Amino acid sequence: SIEGLRRRRRGHAPGHPTVPASSGCSAAGMFNNEGGAGKYERLQDAAKSPYVQAAGVGCAVCCGGIWLLTVGFVTVLYFNLNSFQAWSLTHRENIIARLYQPTLSGIESYWAMNPLYLDNQRLKYGNSFIVSGQVLLGDFDSVEKALTSPQERSTYLGASPMIPEHLPQRDDGKLSFLLALSDKAAGGNGDHEAFKLALSKTFFNHATVARQDSSIAQKLLTDLAEEYATALKGNTLGNFFGDTRAGWKRFMIRYMHYVVLGLDPDDSEATALFTDTFYETGKPQHYLWFMGDFNVGAIKALLEKVAALYEESPAMTASNVFGTAEVHGLTKPEGARLLTAMMSIAALQGPMVLGERLLASTPLPDYESAKAAKLDPPSKIDMGKKWDELDLQNDHAIELFVLETARLYAPVSAIARVSKEIIKAKVAGAEREFPVGTLVNVPIALANTDKEKWGDTRYEFNPNRPHLKERTMAFNMVGNRDAGRGCPGRDISVQMLVDVLREVGTARRKVKKE
């Protein structure tokens with residue numbers, strides 16, 4: 001009742017006698033009368049207890065320890081990262097190494113996604129240093145040897161740790177993701193070779209080439225050229241490259257799904273699903289440490305829908321390789337799940353970002369190492385002017401244009417392997433030995449600008465430079481040499497970019513002439 005509420009506010013409880021404000025039950029009375037004093041004395045006595053004092057000391061030590069660990073971590077992260085990781089990798093059982101290294105690796109892996117980061121580290125430390133818990137050997141010869149030798153792999157995408165649970169798996173829970181499977185000659189069980197064979201026979205065959213040469217693919221190229229011309233006239237090229245549902249990204253979605261899988265590029269519902277899955281809600285970050293822990297349910301639901309469409313695609317329907325011993329019994333649903341990850345991480349990313357440089361939308365890297373050598377960095381190159389000067393009737397010249405751009409901006413900047421031998425290298429100012437099983441970073445981007453191999457013209461744009469085609473590492477191989485880990489979609493991607501440069505370049509010149 002209202003009266004009851006008033007009584008409570010005055011210190012009365014319904015049905016109970018009034019409690020004087022001076023009694024020991026009030027806050028003031030606790031210290032101003034005998035009852036309160038007694039309680040206060042008991043609190044003082046409790047505080048003198050050795051158990052309470054020990055707990056206080058323990059709490060202080062714990063808080064101090066956490067503070068020291070935090071300060072130490074921040075100091076290492078920003079001021080001594082290379083030296084600490086060099087020590088950590090040779091003292092793996094040390095408690096500080098075990099506490100710091102996993103988080104340090106995760107944080108630095110995001111820094112290393114920037115193509116300028118590894119170049120800056122090389123400028124400070126030379127060709128050998130530590131990045132994201134991996135020993136990096138950045139000279140051309142070391143990278144060449146790694147790319148042309150069998151590799152033991154782990155769940156890393158370059159310097160970035162991946163989330164194994166997010167990678168495609170077989171029905172029995174074993175990983176099927178190609179980039180995380182070791183070669184048989186490096187200790188693997190043959191799954192890498194078998195699963196790659198399944199993809200090659202199904203998605204990169206004579207039917208794929210026929211689709212790429214078809215009138216449907218040509219119409220997609222023509223539509224792209226017309227859309228580019230319109231954007232160039234209207235000064236809206238930013239939208240042409242940035243809008244996920246138009247322009248360059250829309251072309252990538254439609255073209256790749258038609259050429260690789262035979263899916264109808266005019267199916268607007270499927271195109272919207274693929275766009276949402278690979279460029280909007282879902283992105284390659286879904287597979288990476290920390291960032292992949294967000295919006296997991298929605299992305300997995302999208303990937304399941306995409307895999308269902310892939311399974312019913314003309315390319316998979318025509319394939320008779322799935323389920324056979326030749327591909328270790330990989331089923332069509334398992335193959336479809338595998339392809340979703342490969343499309344997300346490789347097919348719809350590498351050619352897309354390389355195309356943005358080729359089409360003069362995004363400048364080439366502003367390498368600090370070039371400035372330190374008193375050379376112009378690639379960012380100074382006017383790619384629009386180079387494109388305008390290119391012979392668009394010469395496919396060989398256009399291909400070299402693509403490869404030289406990929407040399408200066410590697411779509412795949414690095415891969416990671418697991419060492420099968422002790423690694424001896426000078427790191428952080430000292431000769432060190434890293435044990436078998438150490439993660440090794442294979443920095444393709446650094447090898448592409450190695451002074452010993454490319455000389456003083458390493459930062460210049462010259463598609464006619466000697467040995468370009470035989471030394472290119474843009475597709476996880478050296479020229480045409482690899483150990484079975486080269487990109488299976490290399491030829492399709494290069495031909496697409498050649499065709500895009502020709503068709504869009506012709507439209508560009510027409511607009512500029514007008």
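Nothing here was measured: the structure is a model prediction, and the numbers come from that model. Values reported hereafter were calculated over all heavy atoms of this structure, with side chains retained and with hydrogens, waters and symmetry mates removed.
A 6.0 Å sphere centred on CZ of Phe290 holds no more than 12 heavy atoms belonging to other residues, nucleotides or ligands. For Lys305, the NZ atom counts as loosely surrounded, since its 6.0 Å shell holds 12 or fewer non-hydrogen atoms of other residues, nucleotides or ligands. Shown here is Lys371, whose NZ atom has more than 12 heavy atoms of other residues, nucleotides or ligands within 6.0 Å.
Looking only at atom types and distance, the side chain of Thr275 has no donor-acceptor partner in the side chain of Arg250 under 3.5 Å away. A donor atom on one side chain and an acceptor atom on the other are found under 3.5 Å apart for Tyr459 and Ser369. Looking only at atom types and distance, the side chain of Gln495 has a donor-acceptor partner in the side chain of Asp499 under 3.5 Å away. With hydrogens and angles left out, the side-chain atoms of Gln212 and Tyr255 include a donor and acceptor closer than 3.5 Å. Remark: the Thr208 side chain and the Asn205 side chain contain an N/O donor-acceptor pair separated by less than 3.5 Å. Residues Tyr258 and Ser214 bring a donor and an acceptor atom of their side chains to less than 3.5 Å of each other.
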Report task. With salt bridge (charged side-chain N to carboxylate O under 4.0 Å, His left out) as the test, would you mind laying out the steps for Glu144 and Arg471 before giving the verdict? Result -> CA-CA 9 Å; Glu144 179 182 35; Arg471 290 178 181 171; over 6 Å; no
Report task. Apply salt bridge (charged side-chain N to carboxylate O under 4.0 Å, His left out) to the pair Arg502 and Asp395, showing each step before the final yes or no. Result -> CA-CA 8 Å; Arg502 185 196 315 107; Asp395 278 9; 2.9 Å; yes
Requested in this report: Check step by step if salt bridge (charged side-chain N to carboxylate O under 4.0 Å, His left out) holds for Asp191 and Lys174.
Outcome: CA-CA 10 Å; Asp191 278 353; Lys174 294 180 180 178; over 6 Å; no
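Note on Arg485 versus Asp183: salt bridge recorded, some NZ/NE/NH1/NH2 to OD/OE distance being below 4.0 Å. Salt bridge annotation for Lys385-Asp388: absent, with no cationic side-chain nitrogen under 4.0 angstrom from a carboxylate oxygen.
Nearest heavy-atom pair across Asn127 and Arg122 is OD1-CD, 3.4 Å. Annotation for Ile130 and Asn82: closest pair N-OD1, 2.9 Å, computed over non-hydrogen atoms. Minimum heavy-atom separation, Leu288 to Ser160: CD2-CB, 4.0 Å.
Considering Phe240, Trp248, Phe251 in turn, Phe240 is the only one that fulfils the ring pair (Phe, Tyr, Trp, His ring centres under 6.0 Å) rule with Tyr228. No option in Val440, Leu157, Leu147, Val143 other than Leu147 meets the side chain to side chain contact (heavy atoms under 4.5 Å, CB included) test with Ile415.
Both the sub-6.0 Å distance and the 45° axial angle are not jointly satisfied by Arg509 relative to the ring of Trp387.
Of the inter-residue distances, the one linking Gln134 atom CD with Ser109 atom OG reads 9.0 Å to the nearest 0.5 angstrom. The NZ atom of Lys424 sits 14.5 Å away from atom OG of Ser128, with the distance rounded to the nearest 0.5 Å.
Screening residues 460-486 for ring pair (Phe, Tyr, Trp, His ring centres under 6.0 Å), with sequence neighbours left out, gives Phe401-Phe461.
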Using residues 332-353 as the side-chain source, report each donor-acceptor pair under 3.5 Å to any protein atom, sequence neighbours left out, with the distance given to one decimal.
from: Lys332; atom 1: NZ; to: Met316; atom 2: O; distance (Å): 2.9
from: Glu334; atom 1: OE1; to: Arg170; atom 2: NE; distance (Å): 3.2
from: Glu334; atom 1: OE1; to: Arg170; atom 2: NH2; distance (Å): 3.3
from: Glu334; atom 1: OE1; to: Thr331; atom 2: N; distance (Å): 3.0
from: Glu334; atom 1: OE1; to: Thr331; atom 2: OG1; distance (Å): 3.3
from: Glu334; atom 1: OE2; to: Asp171; atom 2: N; distance (Å): 2.9
from: Arg337; atom 1: NE; to: Gln169; atom 2: O; distance (Å): 3.3
from: Arg337; atom 1: NH2; to: Gln169; atom 2: O; distance (Å): 3.0
from: Arg337; atom 1: NH2; to: Asp171; atom 2: OD1; distance (Å): 2.9
from: Thr340; atom 1: OG1; to: Arg337; atom 2: O; distance (Å): 2.6

